[in-house]
Asker: 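Could you have a look at this structure, given as structure tokens, before my questions?
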2 protein chains.
Amino acid sequence: MKDILEKLKSNGYKLTQPREKVLELLSHNHKALSAQDIHSFIKDVDKASVYRTLNLLEELGIVNIENFNNEKLYCLSADPHHHIICKKCGFSEEVPCTYEHYNFSNFSNVQHQMTLTGVCNKCNK
Amino acid sequence: MKDILEKLKSNGYKLTQPREKVLELLSHNHKALSAQDIHSFIKDVDKASVYRTLNLLEELGIVNIENFNNEKLYCLSADPHHHIICKKCGFSEEVPCTYEHYNFSNFSNVQHQMTLTGVCNKCNK
DNA sequence: ACACAATTGCGAATGGTTTGCAATAGCAAA
DNA sequence: TTTGCTATTGCAAACCATTCGCAATTGTGT
Ligand SMILES: [Mn+2]
Ligand SMILES: [Mn+2]
Ligand SMILES: [Zn+2]
Ligand SMILES: [Zn+2]
């Protein structure tokens with residue numbers, strides 16, 4: 001948290017109240033939240049500022065985005081982890097990376113699925 | 001393709017021109033397309049009908065949705081396969097499931113990533 | 001305290017997706 | 001074939017999440 005504020009400063013950004021409130025929420029609420037979720041938690045920060053803050057934090061690599069059901073969910077960048085997402089309602093939960101022997105007490109029918117990413121030749125300059 | 005039309009019929013849906021055109025496009029264009037992509041290919045079908053068709057085809061399990069960069073991409077359900085997606089531009093390509101020894105001639109920095117899915121206790125009735 | 005630039009809040013604009021409704025097309029029975 | 005009934009379409013308007021423009025405010029360094 002301290003290091004995050006430093007990262008903002010060292011990149012020439014101010015430490016404003018909207019930014020601190022969004023970061024505090026994300027650090028206390030260890031799950032992925034949508035921009036709207038976040039705004040509903042901190043109603044005294046304007047919607048537009050929430051969006052601007054999240055976009056900035058993503059550019060700086062402070063938050064990660066995950067897409068689920070066509071909406072962006074934000075969470076603090078952290079040690080590598082996976083997400084388990086309910087196919088029916090979208091409820092999600094982080095699980096440690098060593099999933100093989102993990103006991104999924106809150107989920108059944110657990111499956112894992114690959115997603116491949118890369119950079120195509122055209123983009124690879 | 002014949003089986004798909006049967007599936008529509010057997011579920012009580014008519015075989016209309018919009019539906020046939022969307023299906024034909026998806027079957028000839030073996031990659032994931034957005035609703036807008038699809039509408040731009042078949043301009044004589046109204047936008048709203050394209051969306052309605054895609055939503056129906058998804059409910060019936062005829063097409064799969066993949067989320068990339070916060071947009072829904074549709075492709076025909078097919079034998080299990082992965083997608084390789086360019087992080088920069090979103091270009092995607094299907095690759096066979098046996099990816100370990102595959103030569104990714106069009107991509108570099110290829111990585112695979114896990115996504116876990118399941119059904120949570122609440123939904124599990 | 002001061003000054004200046006960055007940032008905010010507000011309201012308006014945007015753009016993709018959905019919806020209401022009257023006109024049309026598909027399908028099955030006559 | 002023709003008829004009749006319902007599902008489906010096209011169109012325009014509504015919707016809703018996200019972005020933008022701009023004047024007022026805040027943060028920061030002097
Ligand atoms: Mn996370
Ligand atoms: Mn596919
Ligand atoms: Zn690319
Ligand atoms: Zn659930």
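Just so we're on the same page: letters track the sequence lines, and every chain starts at 1. Hydrogens, waters and symmetry mates play no part in the numbers below; they use all other heavy atoms, side chains included. What you see is a predicted model; the values in this text were computed from it and never measured.
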Asker: Begin with the C-alpha distance, continue with both residues' side-chain angles, and end with the deciding distance and a verdict on side-chain contact (heavy atoms from CB on, under 4.5 Å) for B:I65 and B:Y74.
Answerer: CA-CA 5 Å; B:I65 296 183; B:Y74 298 84; 3.6 Å; yes

Asker: Could you pull out all residues at least two apart from A:L15 that satisfy side chain to side chain contact (heavy atoms under 4.5 Å, CB included)?
Answerer: A:L5, A:L8, A:K9

Asker: What integer distance in Å separates A:E20:CD from D:dT26:P?
Answerer: 15 Å

Asker: DNA chain C: B:Q17 or B:N55, which has the more 5' nearest nucleotide?
Answerer: B:N55

Asker: In terms of side-chain heavy atoms of B:D46, which of D:dG10, D:dT9, C:dT8 is nearest?
Answerer: D:dG10

Asker: I'd like to check the salt bridge (charged side-chain N to carboxylate O under 4.0 Å, His left out) partners of A:D44; sequence neighbours left out, ordered by chain and number.
Answerer: A:K21

Asker: Give the C-alpha distance, both sets of side-chain angles, the deciding distance and a yes or no for side-chain contact (heavy atoms from CB on, under 4.5 Å) between A:L76 and A:L57.
Answerer: CA-CA 9 Å; A:L76 286 184; A:L57 295 177; over 6 Å; no

Asker: Among residues at least two apart in sequence or on other chains, which ones pass side chain to side chain contact (heavy atoms under 4.5 Å, CB included) with A:I38?
Answerer: A:V22, A:L25, A:L26, A:L33, A:I42, A:V50, A:L54

Asker: Would you kindly compare B:G12 and B:K47 by the position of their nearest DNA chain D nucleotide and give the one closer to the 5′ end?
Answerer: B:G12

Asker: Show each protein N/O and nucleotides 20-22 of chain C N/O combination with a separation under 3.5 Å, one pair to a line.
Answerer:
| from | atom 1 | to | atom 2 | distance (Å) |
| --- | --- | --- | --- | --- |
| C:dG20 | O6 | B:R52 | NH1 | 3.4 |

Asker: Take atom CG of A:L8 and atom C1' of D:dT28, then tell me their distance rounded to the nearest Å.
Answerer: 14 Å

Asker: Considering residues at least two apart in sequence or located in another chain, which fulfil the side chain to side chain contact (heavy atoms under 4.5 Å, CB included) criterion with A:D46?
Answerer: A:A48, A:S49

Asker: In whole Å, what is the span from the CD atom of B:E59 to the P atom of D:dT8?
Answerer: 11 Å

Asker: Please list, pair by pair, any protein nitrogen or oxygen found under 3.5 Å from a nitrogen or oxygen in nucleotides 27-30 of chain C.
Answerer:
| from | atom 1 | to | atom 2 | distance (Å) |
| --- | --- | --- | --- | --- |
| C:dC27 | OP1 | B:L15 | N | 3.1 |

Asker: Starting from P on C:dG16, measure out to CD1 on B:I38 and report it in whole angstrom.
Answerer: 15 Å

Asker: To the nearest 0.5 Å, what is the distance between NZ on A:K7 and CD1 on A:I4?
Answerer: 8.5 Å

Asker: Would you mind reading off the distance between A:L56 atom CG and C:dT8 atom C1', rounded to a whole angstrom?
Answerer: 14 Å

Asker: B:D44 has an atom CG; how far is it from atom P of D:dC11, in whole Å?
Answerer: 11 Å

Asker: Check the distance between D:dC11's C1' and B:H39's NE2 and give it to me in whole angstrom.
Answerer: 12 Å

Asker: Starting at CG of B:L23 and ending at P of D:dT8, how long is that distance when rounded to a whole Å?
Answerer: 14 Å

Asker: Do A:E20 and A:E24 come close enough that some side-chain heavy atom pair is under 4.5 Å?
Answerer: no

Asker: Show the nearest heavy-atom pair for residues B:G61 and B:S77, with the distance to one decimal.
Answerer: O-OG, 3.0 Å

Asker: Looking only at the side chain of A:Q36 (C-beta and beyond, no hydrogens), which of the listed nucleotides C:dT7, D:dA17, D:dG10 gets closest?
Answerer: D:dA17

